[in-house]
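Counting starts at 1 for both ligands and their atoms, in listed order. Keep in mind that this is a model prediction, so the values were computed, not measured. Excluded from the calculations below are hydrogen atoms, water molecules and symmetry mates; all remaining heavy atoms, backbone and side chain alike, are included.
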Amino acid sequence: MTPDLEKNYCSLQEQIRLSAQKAGRNPDSVRLLAVSKKMDSEKLRVLWQLGQRLFGENRVQEARVKIPEMPAGGEWHFIGGLQTNKAKDAVEYFDVIESVDRIDLANELEKRAAAVGKKLKIMLEVNVGGEAAKHGCDPQKAGELLQAVLPLARLEVVGLMAIPPFREDPEMARPFFLKLREIRDRLQDSGGVVLPELSMGMSHDFPVAIAEGATLVRIGTALFGPRSA
Ligand SMILES: *Cc1c(COP(=O)(O)O)cnc(C)c1O
């Protein structure tokens, strides 16, 4: 398993660089978020030794066991749906919450961050495919959410995140990546803010996401292999 993990990691980093170059972008402008959900800390330490510091988790309960088992100095991103009653733990364990999709959650994160004297980076998750079963705010409401979040002193909005509808052919996901970038550009123009990060692209479609401007690709399966259910 370990030799594979090392091989996958190096090959992925190479593919990310090539995709960026092909798109005429600086390869350093795209970072790999290792989606480590359901993987134990032993595997994560292999990546850590290879230099990986950016990890993504989607469940607070799992992360509060795993994160303390890892060396300090990593950057932990929360990428799952977040219930308001888990905000306290999320603030304690994570550096970036990528899945902020509603005002009450932002307010709760602000309150919890203030209580522990922490500043928290967040991203706004946008439901670019308009899927009923998915998290993320309605693209039409993203401006409203941004305006509600900007005054919150403990939260720094650094960009947008999306999980587009699954398409067998990654090219078919391109319009959704483009859409997230356009929403970002519109929010920047109208909101007078800079939103540098676009978290989009997963194992099967990250090269397309990079072509459309992803700065953060969230990759699990292509790195660790399939997750057991
Ligand atoms: C699991 C997950 C990923 C990684 O998906 P893979 O297809 O395994 O690369 C990315 N983003 C989110 C939000 C996830 O939950």
Near I163 (heavy-atom distance under 4.0 Å), the atoms of ligand 1 are 13 (C)

Rounded distance (nearest 0.5 Å) linking atom NE2 of H204 with atom CZ of F166 = 4.0 Å

re atom 12 (C) of ligand 1, the protein heavy-atom contact at minimum distance is I79 CD1, 3.5 Å

For atom 5 (O) of ligand 1, the protein heavy atom that lies nearest, with its residue and separation | M202 CE, 3.5 Å

Does the pair E182/K179 count as a salt bridge with the N-to-O cut at 4.0 Å?
-> no

Can you find an N/O atom of G220 closer than 3.5 Å to an N/O atom of ligand 1?
-> yes

Considering only NZ, NE, NH1 and NH2 on the basic side and carboxylate oxygens on the acidic side, decide whether E197 and R31 come within less than 4.0 Å.
-> yes

Heavy-atom contacts with I219 under 4.0 Å: which atoms of ligand 1 show up? List them by number with element.
-> 9 (O)

Is it true that E98 lies under 4.0 Å from ligand 1, counting heavy atoms only?
-> no

Atoms of ligand 1, numbered as shown, that sit under 4.0 Å from any heavy atom of R218 = 4 (C), 9 (O), 10 (C), 11 (N), 12 (C), 13 (C)

For ligand 1, indicate whether the residue H204 contacts it via side chain, backbone, both or neither (heavy-atom separation under 4.0 Å).
-> neither

With rounding to the nearest 0.5 Å, note down the distance linking CD1 in I210 to CG in D205.
-> 10.0 Å

Does K37 reach ligand 1 with a nitrogen or oxygen that is under 3.5 Å from one of the ligand's nitrogen or oxygen atoms?
-> yes

Are W76 and F55 near enough that their ring centres are under 6.0 Å apart?
-> yes

From the candidates S203, P226, G225, S99, the one that places a heavy atom nearest atom 9 (O) of ligand 1 = S203

Within a distance under 4.0 Å of any heavy atom of T221, pick out the atoms of ligand 1 and give their elements.
-> 6 (P), 7 (O), 8 (O), 9 (O)

Run the numbers on Q15 and S19 for side chain to side chain donor-acceptor pair (under 3.5 Å), then give the verdict.
-> CA-CA 6 Å; Q15 289 175 62; S19 301; over 6 Å; no

Ionic contact status for R174 with E171, cut-off 4.0 Å | yes

Ionic contact status for R59 with E62, cut-off 4.0 Å | no

